[in-house]
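First the structure, in the form of structure tokens, and then the observations on it.
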Amino acid sequence: MTTARPAHTDERSDERPEERPDDRYDAQRIERKWSERWQSDSLLYAAEERSTKPKYYVLEMLPYPSGALHMGHVRNYSIGDALARYMWMNGYNVLHPMGWDSFGLPAENAAIKNNTPPREWTLRNIAAMKAQMKRIGFGYDWSREVTTCLPEYYRWNQWFFLKLYEAGLAYRKKSKLNWCPECATVLANEQVVGGMCWRHENTRVEQRELEQWFLRITKYADELLRDLEKLQGWPEKVRVMQQNWIGRSAGTLVDFDLGGTVGPAGSTITVFTTRVDTIYGATSVQLAPEHPLVGDIIARNPTLRTQVEELISEQRRAKEAGDIGNIEKHGVFTGRYAKNPYNGEALPVWVANYILMDYGTGAIMSVPAHDERDFEFATKYNLPIRVVILPASSDPEETTAEPPLPFTTMDGILVNSGEFSGLGCAEAIEGMSAYAAEKNFGKATVAFRIKDWGISRQRYWGTPIPMVYCERDGVVPVAEKDLPVILPDQVKVTLSGGSPLLNVPEFLNTTCPKCGGPARRETDTMDTFVDSSWYFYRYADAQNDKAPFDSAKIAYWFPIDQYIGGVEHAILHLIYSRFWTKFMRDMGQVTNDEPIARLFTQGMVIKDGAKMSKSFGNVVSPDEMVARYGADATRMYSLFASPPDRDLDWQESGIEGIQRFLGRVYRFFTTNWDAPSSAPMTDSARRLQRKLHQTIKRVTDDFQGRWHFNTCISAIMELLNDANRRMLGTDDAHPVTGALVKADKIPQSLVAEVRRNIALLLAPMAPYLAHELWEMAGETSNLLKAPWPKYDAALAAEDEIEIPVQVNGKLRGVVVVSADAGEDKIKNTALADEKVKAAIAGKQMAKVIVVPKKLVSIVVR
RNA sequence: GCGAAAGUGGCGGAAUUGGCAGACGCACCAGACUUAGGAUCUGGCGGGUAAAACCGUGGGGGUUCGAGUCCCCCCUUUCGCACCA
């Protein structure tokens, strides 16, 4: 059935007077209008090359172009964009760029699934996500866009790799590596989470031995640790995580002589210990099952070999399961003895499954009396336990008392320790280390947990490593002038082992840069964390085709003033970035020691108590939110729902509330309030003005300080509620008497002032609406660069304040006094209050405490 | 096991410095305007009471005139680290 539209008639009785279209907040209309304007101005968000303004570099972590933004992105970028806009309004030369971390495995998976080349898939995703960002209205300087999968970018990865190679910081080594069967590639230690692949949480990581390229991040281990001190603008949590990751421990190396009884691997066991002061209490030496000496020891002993092999597999199983910490301690005695160089004692040598080859030297001295693990082990195998440290005590009699074992703390005194007896632990460590060095059987040293960074990936979609293997010249770097080594386009991608590039002869076969003879290219590609280790430098000079960047531009923009992203990058990305910066500094490319001055880690976006994910079916699509409520409401809700460092619980009804608020703001501008054009500042007007200045202060303070955007949005809501109430002439309740007072009309000039400032205050958080309101208020300047409002402390100050009065700790009344009232005045007013009088009637007043501007507390008996 | 953060109405959260607990928003309830309302506006909204009193910030102690906030013990949740010698 079709109903013809009624012909145009002049009169339709049932029709209500139509709202003027402009009376309704139409987010889609407003956002379309401003989006068009902004996009026609390519210089709108551009950072200035030469500027007299102070610089401000605000950066959000670049996304992986998966195809669509998720709410986590929206939250991250809403915070960054609000800050950038705030800084623009405060007169800074703001650098606010965006890019794409666009190499990596998902593109290959998608290629297999959809039969689309990774490059095509990736670039299409980038276009889609860029459109989303523009729709939401994030103010990025797109002239500086960085796309890591393009040769214009990754050629500099290769260039840096050559520099690292020249500096001896890139090297090749055969090693056992973490292998994810699902990814069919090697993973860095950082990408193994509890024995599982970081990307496939149900896939157990295996160990494989392969020739790999490594970057010598350990060269900077000490500095990376030390400079954490400088990063006061970073969350404590992140600094601690990095500190643990680097895992520095100062200790001593001590050689235990095997008396020439062991084969080619040597006849000395070097142990690492942080407690050399306990060495006189050592009752055995423990080797990791994979220690090189173990091979020699078990060579002619099949029984022992079987036992050790069992230890190795126990350890491997535990490692793969990720619970090496809970392994049941096992060990076998090798039948050998090693000499403690301090006292000449021969100690039995054991092999134990809880000793790790990749920490320290893979060998320890076992001191059961003063170490938890050694105590457990010695108890199990009946090894002797000898006390050599007694608790220090101010009472000399107590010093002789045997402590409960194991006694592991450092506040003790050495006993039974030869010439070192009587020393405190700390001085003993120092003295005994020096002694070892002097006698040439050891020295003080530092062990680190951090390992060199393995960057080889047997994958296609990444930066080719610019190295060539020649039969005559061996490993040869590609000449700088021949960069970039282009990643070929038409490649059959599979996920079965080995790099797909092996099957591309025109890539694989090349000539040796040295001799010109036939050679093969390296077919592994770089870990994508290489891309993200320095991308933010490229933003400073994104078009440069002669160098990764011009150092002068880096000197201007760096360090990054504010970096914003998820805490999941606390270790990997952020430690590699710091390493890369230090390397670039040492090669003279940059002058800053650290890339990032301030770091902010925002919380996750969750829904129904769980992280948004497809498997939970609780994913909220930003596109849908923007279509339904508008970009302003979407981003503003992401700022309003919780403080940015906490997790955000997405509630659809919450965003509706924000939408309603924006609608009220809009109507505040369209409503004709019938305000007197010139009127004296009535009491009510004065109160509104005070509220306005208080609001400016609150919002400004939040931007300057703790970034609790939820409370500064609340403040703006309060201002609007207050203004509306007064303008509508709703009755005002007197704060004390409760008597209703007719609200006064607000003069036109104050209405205009409130409107103007609401537009300004909203500009960082709801830019589309703010710009529209700014224009509606008759302003012609660009709101993006309009000066941020200043509050007047005098106008913000209350002239009357409410003072609660407590009697014996319970609230009994509230009195109003002028803000500058002295103690006596406040006290007298409080004591004159009827309710207070009633509460203290018939009792004896013991004490009256007056806290000016705060409260009165009366104690009665 | 070690370390960190957190625990406040039906919900998200506020209280920034020891000083009126619950701002702001959601949900809900009532009313207004309406043929209608998933629009808008007004009012209410921790428990309790007729109204008060009184009780309320995970639990138990403490300091203080006064504690969500400080101290001690415990519980729960989240995150990080975990035979690192």
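The chains referred to below are lettered A, B, ... by the order of the sequence lines, with proteins before strands, and numbering in each begins at 1.
- Annotation for A/I269 and A/L287: closest pair CG2-CD2, 3.7 Å, computed over non-hydrogen atoms.
- A close approach under 4.0 Å does occur between a side-chain nitrogen or oxygen of A/K847 and OP1 or OP2 of B/rC65.
- A/F640 comes within 4.0 angstrom of a base, heavy atoms only.
- When the C1' atom is used for both B/rC33 and B/rA39, the distance is 11 Å, rounded to whole Å.
- For B/rG9, the glycosidic angle deviates from 0 by 90° or less, giving a syn base.
- Taking only distance into account, the side chain of A/S653 never meets the base of B/rC26 through a donor-acceptor pair shorter than 3.5 Å.
- As rounded to the nearest Å, B/rG68 and B/rG22 have P atoms that lie 12 Å from one another.
- For B/rG7 and B/rG12, the C1' atoms lie 15 Å apart once the distance is rounded to whole Å.
- Taking only side-chain nitrogens and oxygens, A/R706 comes nearer than 4.0 Å to OP1 or OP2 of B/rA15.
- A salt bridge does not link A/E376 with A/R373: every distance from a Lys NZ or Arg NE/NH1/NH2 to an Asp or Glu carboxylate oxygen is 4.0 Å or more.
- Counting any heavy atom pair closer than 4.0 Å across all strands shown, A/V859 reaches sugar-phosphate atoms only and no base atom.
- Look at A/R24 and you won't find any side-chain N or O under 4.0 angstrom from OP1 or OP2 of B/rU40.
- Put simply, A/N244 has no side-chain N or O that comes within less than 4.0 Å of OP1 or OP2 on B/rG80.
- Taking side-chain N and O atoms only, A/R646 has a distance below 4.0 Å to OP1 or OP2 of B/rA14.
- In RNA chain B, the stems built from three or more successive Watson-Crick or G-U pairs (distances below 3.5 Å) are B:1-7 with B:75-81, B:10-12 with B:24-26, B:28-32 with B:40-44, B:58-62 with B:70-74.
- OP1 and OP2 of B/rC24 both lie 4.0 Å or more from every side-chain N or O belonging to A/R660.
- Counting any heavy atom pair closer than 4.0 Å across all strands shown, A/R812 reaches sugar-phosphate atoms only and no base atom.
- Of the charged side-chain nitrogens involved, none lies within less than 4.0 Å of a carboxylate oxygen, so that A/D702 and A/R698 do not count as a salt-bridged pair.
- At a threshold of 4.0 angstrom between heavy atoms, the contacts of A/D702 with the nucleic acid are absent.
- A/D358 comes within contact range of no nucleotide atom at all, as no heavy-atom separation falls under 4.0 Å.
- Pairing each heavy atom of A/P368 with each of A/I385, the nearest pair is CB-CG1, 3.6 Å.
- Remark: A/K810 is in phosphate contact with B/rC55, judged by side-chain N or O atoms under 4.0 Å from OP1 or OP2.
- Of the two residues contacting RNA chain B, namely A/F661 and A/S642, the nearest-nucleotide position lying further toward the 5' end is that of A/S642.
- Around atom NZ of A/K691, more than 12 heavy atoms belonging to other residues, nucleotides or ligands sit under 6.0 Å away.
- One can place CD1 of A/I606 at 11 Å from P of B/rC79, the figure rounded to the nearest angstrom.
- Between A/S249 and the phosphate of B/rA85, there is a side-chain N or O to OP1/OP2 separation shorter than 4.0 Å.
- Contact check, A/N724 against B/rC41: no side-chain N or O comes under 4.0 Å of OP1 or OP2.
- Comparing the same atom, P, in B/rU40 and in B/rG25 gives a spacing of 13 Å after rounding to whole Å.
- Electrostatic pairing of A/E328 and A/K380 counts as a salt bridge here, judged by a charged N lying under 4.0 Å from a carboxylate O.
- Nucleic acid contact class of A/Q806 (heavy atoms, under 4.0 Å, all strands): base.
- Residue contacts for A/G657: at a heavy-atom cut-off of 4.0 Å it reaches the sugar-phosphate backbone alone, with no base atom in range.
- Across all strands shown, A/I355 has heavy atoms under 4.0 Å from base atoms, whether or not it also approaches the sugar-phosphate.
- Going from the P atom of B/rA14 to that of B/rG9 covers 14 Å, rounded to whole Å.
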